[in-house]
Amino acid sequence: MANRPQILTDMQVSFCGSAGDGTIAAGDIFKRAMAEAGYQIIAFDVYPPEIRGFGKCIARTRVTFDQVYSLKPQSDVLLSLDDSHAIPHVGEVRDYGAVIYEDRPMATVEEGEHMSGHLKPAQLPYGVSFRELSERATSGARFRNIVAVGFIAGLYGLPRDLFHRTIGRKFAGKPAEVTESNIAAFDLGYDDGAKTFQVDINGFGPPPKRKKSEKVLMMHGNSAVARGCLSAKIDTFFGYPITPATSIMEILAKEMPKRGGRLLQTEDEISAVAAIVGAGFTGSRSATSTSGPGLALMTEVMGLGSIAEVPCVIFVSQRGGPSTGMPTKTEQSDLNLAVRGVAGDAQRIVLAPTNVEGCFKCAGIAFEIAEKYQTPVIVLLDLYLSNRYEAVALPNKNPFKLDATKWAKKPGKGDAYQRYKLTPDFISPRAIPGQQGMQHTITGLEHNELGRPNDQPAMHEAMSHKRHEKLKTAINYPNLTTSKRFGDKGRVRVGVLSWGSTFGECLEAMITVRKQGITCSAMKVVMISPLPVDEISRFMDDCDVVLVPELNYEGQFASIVMGTLGRPVHRLNRVTGTPMAVNDIIEEIQILAADKPKRRKAAE
Amino acid sequence: MANRPQILTDMQVSFCGSAGDGTIAAGDIFKRAMAEAGYQIIAFDVYPPEIRGFGKCIARTRVTFDQVYSLKPQSDVLLSLDDSHAIPHVGEVRDYGAVIYEDRPMATVEEGEHMSGHLKPAQLPYGVSFRELSERATSGARFRNIVAVGFIAGLYGLPRDLFHRTIGRKFAGKPAEVTESNIAAFDLGYDDGAKTFQVDINGFGPPPKRKKSEKVLMMHGNSAVARGCLSAKIDTFFGYPITPATSIMEILAKEMPKRGGRLLQTEDEISAVAAIVGAGFTGSRSATSTSGPGLALMTEVMGLGSIAEVPCVIFVSQRGGPSTGMPTKTEQSDLNLAVRGVAGDAQRIVLAPTNVEGCFKCAGIAFEIAEKYQTPVIVLLDLYLSNRYEAVALPNKNPFKLDATKWAKKPGKGDAYQRYKLTPDFISPRAIPGQQGMQHTITGLEHNELGRPNDQPAMHEAMSHKRHEKLKTAINYPNLTTSKRFGDKGRVRVGVLSWGSTFGECLEAMITVRKQGITCSAMKVVMISPLPVDEISRFMDDCDVVLVPELNYEGQFASIVMGTLGRPVHRLNRVTGTPMAVNDIIEEIQILAADKPKRRKAAE
Amino acid sequence: MTNIGAPVYLEEKLEEISRSGRLDYRSKSLPTWCPGCGYFSIVESVTAALNRLEIDPCETTVVSGIGCASRFPFFVNTYGVHSLHGRALPVATGIKVAKEDQTVIVVGGDGDAFAIGGAHIPHAARRNIDITYILFDNGIYGLTKGQASPTSVLGFKTGTSPFGNQDRPLNPLMMLLSHGASWVGQAYAGNPGHLSEMICQAIAHRGFSYLHVLSPCVTFDKTTKTYKNLGMMVRGLPDDHDQSDVMAAMHEAQKTEQPALGLFYTENRPTLGDGLNEISRRSQAGS
Amino acid sequence: MTNIGAPVYLEEKLEEISRSGRLDYRSKSLPTWCPGCGYFSIVESVTAALNRLEIDPCETTVVSGIGCASRFPFFVNTYGVHSLHGRALPVATGIKVAKEDQTVIVVGGDGDAFAIGGAHIPHAARRNIDITYILFDNGIYGLTKGQASPTSVLGFKTGTSPFGNQDRPLNPLMMLLSHGASWVGQAYAGNPGHLSEMICQAIAHRGFSYLHVLSPCVTFDKTTKTYKNLGMMVRGLPDDHDQSDVMAAMHEAQKTEQPALGLFYTENRPTLGDGLNEISRRSQAGS
Ligand SMILES: Cc1ncc(C[n+]2csc(CCOP(=O)(O)OP(=O)(O)O)c2C)c(N)n1
Ligand SMILES: Cc1ncc(C[n+]2csc(CCOP(=O)(O)OP(=O)(O)O)c2C)c(N)n1
Ligand code: SF4
Ligand code: SF4
Ligand SMILES: [Mg+2]
Ligand SMILES: [Mg+2]
């Protein structure tokens, strides 16, 4: 009983069922209502790979008072809409947590296939008649999922009208009966939950108050990217659908035309990236979005963007690879391709946000950086981040610069405009079609300052130097945190160096081990290329050992860090297709902390 | 006078002129005659990027008694067919070397534009009337280049009939007058050269005798690749033209049909690589060839080859990058793309031969390895190696295994064939279309042992492990030298770690600095991926400092080594579009050798 | 021909099928398509055709790209390649060039073929490679949950065209005829008898055969290419249609409002394999 | 029309040109093509057309891929993108969508267009994007020194077809007509007067215009599409040819033995820009 909390301030609910059960929809209503109330939210759904079919769906939502960075390894509530899918997940419910299941399933259930037989001793069982309640409310079993949401709300004494509003909004476009049936089902569930034995006796505390200067919105990574684009006043978008990036394009398809922007679905990814290079050449703020397979097709054109020095933005949401791989699973294994997948010496700018708010920021800043440094910029997400919901506080004022270009002056009479002028800051003043007297041709051939083909040694050396030095200066771009250290200052036993969506789990792990007395810091690296070498070096100087947890097999970020700095790190790699377990990181830190300070052959 | 050699045993001749002058043809006759005589040859031509036009051509040939590994930084003879192009190259002629030029140019030459005004004091000038001699022989100026070859042959007292034979063979298909005119022009040049002041008084020594068990042939890297393919009994080839890889395909287009092979020019590089994956699936020995831009397009399909475990071979000849870059210049900058340019965790086998003989071997072995490990194999050349001529001793017996496949047995009744069976050696026994009862579908989705889509964590972990471990075992493939150390044994002051065409220059540099008293070894790495980690580690353990010279800006191989081993190396990078100067490597070794033994911040 | 029957599902015909021997051509994996998807009748027709033509499963390779349609190879018991989005044709080209005696069938969706795979079709057609291409046209991207495809009708609202598709759809039959395909036909998933017959003919044709199959996506298209709409639109080719007249074929292919089912055009000419053999012959003859 | 003149080079016309104002459209880089290459007359005609249509050089962008033909943008004084092999059309699409008021001209070779770039043409045509595509057809890969192209004739011996090309050439005009291009014409580099006229019309057309220009490669094709052969083959379109009849256009396009010069087909229909504007309008109207 010692473990049992008095007031719950951090609740994680998992809905689990098959695709036809409305599992995801139930999770959606729950998280929207809680976000609306003002709580912090992190939520992530897991789908089956088939369109239809009866694969397993899990919708997990964590609701907290203060900001947290990842889902918890253990949920407080597991709600099963289909026991055959949910039984394997019983183990992830904490002691004295609730397991809620159908009491009176339609068909007779085989021995051992009913949830009640699988609960662990300290878990609290709640058998509920979802089907019967649904039928009572609406004369059909279709609303079992809504009954379930109602039951949880009742169980925790959450405000009924909050949910009514959310349900109303969700079905706003539909006939009034739809909303009514849903509310009826919700209420029956609620009543049932409210009158049962209360799981956390003091209930769930009230949400924190908000600042007036921000709008708090619940959204997933892809919608945050779309919002970032809109805030940065994106002009054109060209894309080709691919999981898990498609929703970026689908949101923009709805929103851009309203603001005068133009979006075109192209015939493939090669055309999409070629079109943004064309658009970028004209001064348009242009972007595309894709996943690993599409990025593989884009590498040739991105090389053109680098040498021709054209601003454009590529959003990449990674999924399980290689090849078609695991389209509905998460992974961080397209990093090599993003950073090094290009013919010739063409360094790229690659940004990797670590949470949903970061998706918004990186998306907007990407346009600034692309313009300022005249180069393609990749913003690298993954399925976990693309689909993960968080309550994000957006600034009321647009935080992005709407023009970051260094413009050229019209050349004097008789002088030609030099598109690739060699300058002290390595950036050549720009001109775009329509400007008089500045006509020029950009090219993928090595060229002189005028842009004419030129393959002389000194010219290629000078231009290679320019292109690389230019990007290095991007590390100091004023409006962007390219890396940041958290946790203990000064010398530490273990340093966790992390990127992308996995950083949330690293942060949670770091916080936990510090409580256990291990000195530890975690550094997130947002600019993966060019790498903020100095900051990382200083961080590594402070750490006895450095751990790099990543969701890929090869330790791709670890190799990039070692390849750039020539110093060893420890790899921690998982390829389960799911977010990294915080406990795995904690364990690895504990092992490293217990080990002798000097471990030489660390690189393997 | 001290420097002047008594018998010349190592002669380097450079022909220089514009594209219309027959510069390359002159070099070609010279090197063929000398190879025919039995000398060792290294030759490399530099072309202008335009089809026509009047850009500079240089044809350099080094003729030696014993094997050497690169061109010399200084030529013994510079023959100018166009002074405006050749004057900048006077500096690369050694003291007491010969500079041969047109004595009576057609047009009056401006002050300062005639070669005679640019010679250095110790160089020996030979003004010759190429044009007049050509006109005398053939009543036209077209044969100036042949007169020039004759002059050099006469000057050095080389056998006249040797050249007559070579000329005869070169024009074998043409009308008899063509050969006659060329021989007449040659003879007039020869007579003129023979009666002039002799540059190296004791002439050029006779060639070494040959072993009977080998054929010595002069060929360039691309033709060696084609020969390797033919020896390995290539079945199918699919390709798309691109400089500098096209000649591989053009040679095979002539030779494969004679042997029952099939070659198809596809609509692009994506189709080419997709077709070799299709062909490889059927058990066909199949290959394609391309350069950086084409390789960029191939990355998606190559990822399919990796996960679907299909054998196929991709020859890549690198040129100056990024993007269209410098199509007629050499560079080693597609390494990142070859090794890391793929979506997801898909390691590849990448072989990089270091000389023309190596091109033959790697080409043939690539088919064995692809079959044995069921995976795409990249063989990485560059323009320098593709176009460089060497006299190569080919074994009379075919050195390649014609079947390296681990075949499956027909499954028992009721059992299904498991295409991706997990086995102790990580290789799944193979079956191919046409075999009864072994039907299966290969896929780019993650799959179970049967090849059915499966994205469960344990399956993806097992299959990722299988695919990576399988490749690691390739490092020990019996018939292939994946790395090799040369020079001093045991502890050395400086180690040179090198790959690809640049290794020849590294070897020359290593030999030179050892004569200067610096302990030094050079290691060539032929298998770039997976990296022979143990050998490289041991080598690095022996070296105070390790230098990695490469023809790219970023130090791509250096990063791969550091990224894999977590140990620092020194980079030496050149992006001139030309082979690396041996002197640059020597200088760098000298600096490193003179420095304090421990240099910590070496990685930059 | 105007009397288009209702869709037919496997279950109903199980008895008949197991007697016929067709089941040898079915794999143990059941199709994962949505119930009612037009694709079920295509897999049924392909296995029936292979059975009727007595082609050994091990002598057949089915190649696909990516999409709902492209899941097809998993559901038949032949050799198969589930390749990449848009790349089925070049993979199949490699297979056929390497192993002339395999029966090679390519299947895939409208997006796979005419969007990302568009560069490959003209070349398969002009080379007259001896493979059968069965195109599943549902006018939408099914697998990625409903975006416009190159054959989506004007005005169609989808995830990427929320205000209605503005890009005029391509006319695949016209295109294939203009590329020089040597066998061009059209069928409808809602008319499985005719479909089956066409698939048989297409496989039997020596050279590149292109069969366009209209097939509703019941999940993401509730308004345009539905069974109801297509059923009312399709018709037969005119009785006097001359299958050797390419201009006549184009004339019929123009009428997209009333798609005609049947064989539009066929001709006999040397295949890619014939051409490659000719090259071998010449090379060995010394020229 | 049967009276095709000799090729005309810049030098000869220098006097006339400098008076005309055309030179403002020429860059300071002289073409690097082989002397006698058909491409010289195309650059001359394009500058003349821009001059005649009074389009400001700074309001024009010329986009190309890679190849001899694709060197073109360096030789004119407009904005230009010398992009990648096969990618000129999608780059141009980006430019036009982003900046509707630019005059966008795409140039490139037969390989660039119909081999590696083949996926893009149908979509530019069906969307009716308002750009002009001038295709330089020499039936060979020039820049890579002579390999077969998708328009190489049967039997042509090249570096990659040493025993004679066995792949039937594509028929670009048929293809473009089948894709729904709204302006399709053909010209010949050896008839610069007519070429110039056609380029003018193509640029003036509102929508996607495709001009196929037959142009000899004097260096790598000494036997098939030479000035001599082409000069004897080309003819005019019949006097009564109806430019609004797509079937008539196809009928003429079939006669590849006697390529017709002139405007095969033209229609007026909404452009891609019109469609995008319509979407904006609807979205702002709230549906
Ligand atoms: C390179 C690449 N781009 C995009 C995708 C995502 N994708 C998978 S299937 C598909 C379209 C499917 O449409 P269609 O070909 O018509 O087949 P259907 O699903 O309708 O049968 C797309 C865009 C992918 N897998 N690979
Ligand atoms: C991706 C890629 N593949 C191949 C090449 C090599 N390449 C350059 S131009 C060309 C073909 C040129 O032929 P065409 O388009 O007909 O133009 P032409 O030179 O005849 O004017 C090829 C294959 C390339 N630059 N990029
Ligand atoms: S989504 Fe459409 S095409 Fe895909 S299986 Fe379902 S009904 Fe068929
Ligand atoms: S190679 Fe042919 S196409 Fe290229 S410039 Fe020369 S003549 Fe013209
Ligand atoms: Mg479809
Ligand atoms: Mg061409």
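Naming: A, B, ... by sequence-line order, numbering from 1 per chain. If you're wondering where the values come from, they're calculated on a predicted model, not measured in any experiment. Excluded from the calculations below are hydrogen atoms, water molecules and symmetry mates; all remaining heavy atoms, backbone and side chain alike, are included.
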Could you grab the distance from atom CD1 of A:Ile378 to atom CD1 of A:Ile349, nearest 0.5 Å is fine? 10.5 Å
Give, as side chain, backbone, both or neither, the part of A:Leu450 having an atom under 4.5 angstrom from any heavy atom of chain D. neither
Heavy-atom pair with the smallest gap, counting every atom of A:Val277 and A:Cys312: CG2-SG, 4.2 Å
Testing the basics here: between D:Ser209 and D:Ala202, what is the closest heavy-atom pair and its distance to 0.1 Å? OG-O, 2.8 Å
Note: vs chain D, highest number of non-hydrogen pairs under 4.5 angstrom among A:Ala274, A:Pro433, A:Gly261 is A:Pro433
Contact winner vs chain A - D:Gly86, D:Ala119, D:Gly94, D:Pro73, heavy-atom pairs under 4.5 Å: D:Gly94
All heavy atoms of A:Ala232 vs all of A:Leu402, minimum pair found to be O-CD2, 3.8 Å
Interface moiety of A:Leu264 toward chain D, non-hydrogen atoms closer than 4.5 Å: side chain
Answer with side chain, backbone, both or neither: which region of A:Met256 has an atom nearer than 4.5 Å to a non-hydrogen atom of chain D? neither
Taking only distance into account, so ignoring hydrogens and angles, what donor-acceptor contacts under 3.5 Å exist between chain D and chain A?
unit_1   : atom_1 : unit_2   : atom_2 : d
D:Ser29  : OG     : A:Arg452 : NH1    : 2.7
D:Asp56  : OD2    : A:Gln436 : NE2    : 2.8
D:Cys58  : O      : A:Gly434 : N      : 2.8
D:Pro73  : O      : A:Thr441 : OG1    : 3.4
D:Phe74  : O      : A:Arg452 : NH1    : 2.5
D:Asn77  : O      : A:Gln439 : NE2    : 3.3
D:Tyr79  : OH     : A:Ile432 : O      : 3.1
D:Tyr79  : OH     : A:Gln435 : O      : 2.7
D:Gly80  : N      : A:His440 : O      : 2.9
D:Gly80  : O      : A:Ile442 : N      : 3.0
D:His82  : N      : A:Ile442 : O      : 2.8
D:His82  : ND1    : A:Thr443 : OG1    : 2.8
D:Val97  : O      : A:Arg262 : NH1    : 3.1
D:Lys99  : NZ     : A:Pro433 : O      : 3.4
D:Glu100 : OE1    : A:Arg262 : NH1    : 2.8
D:Glu100 : OE1    : A:Arg262 : NH2    : 3.4
D:His120 : ND1    : A:Glu267 : OE2    : 2.9
D:His120 : ND1    : A:Ser271 : OG     : 3.4
D:Arg127 : NH1    : A:Glu267 : OE1    : 3.3
D:Arg127 : NH2    : A:Gln265 : O      : 3.4
D:Arg127 : NH2    : A:Glu267 : OE1    : 2.9
D:Gly273 : O      : A:Arg262 : NH2    : 3.4
D:Asn277 : OD1    : A:Arg262 : NH2    : 2.9
D:Ser280 : OG     : A:Pro257 : O      : 3.2
D:Ser283 : OG     : A:Pro257 : O      : 3.4
D:Ser283 : OG     : A:Lys258 : N      : 3.1
D:Gln284 : NE2    : A:Pro257 : O      : 3.0
D:Gln284 : NE2    : A:Lys258 : O      : 3.0

Side-chain donor-acceptor pair present, D:Asp137, D:Thr151, cut-off under 3.5 Å: yes
Of A:Val313, A:Ile251, A:Ile234, which meets side chain to side chain contact (heavy atoms under 4.5 Å, CB included) against A:Cys229? A:Ile234
One option among D:Ala98, D:Gly275, D:Pro122 has the most heavy-atom pairs under 4.5 Å with chain A, and it is D:Ala98
For A:Val301, which atoms come within 4.5 Å of any heavy atom of chain D: side chain, backbone, both, or neither? both
To check you understand the geometry: which heavy-atom pair defines the closest contact between D:Ala49 and D:Ile199, and what is its length? CB-CG2, 3.7 Å
Quick check for you: among D:Leu84, D:Ile279, D:Leu272, which has the greatest number of heavy-atom pairs under 4.5 Å with chain A? D:Leu84
For D:Pro150 versus D:Gly111, what's the shortest heavy-atom pair and its separation? CD-CA, 4.1 Å
Shortest non-hydrogen contact between D:Phe208 and D:Ala124, atoms and distance: CE1-CB, 3.7 Å
If we count only N and O atoms by modelled type, under 3.5 Å, do the side chains of D:Asp110 and D:Tyr141 hold a donor and an acceptor together? no
Among A:Pro257, A:Gly303, A:Gly283, the residue with the most heavy-atom pairs under 4.5 Å to chain D is A:Pro257
Going by ring pair (Phe, Tyr, Trp, His ring centres under 6.0 Å), name the residues that satisfy it together with D:Phe72, two or more places apart in sequence or in a different chain. D:Phe136
For chain D, which candidate among A:Val310, A:Ile276, A:Ile270, A:Leu263 shows the most heavy-atom pairs at distances under 4.5 Å? A:Ile270
Residue among D:Gly80, D:Ala92, D:Ala88 with most heavy-atom pairs under 4.5 Å to chain A: D:Gly80
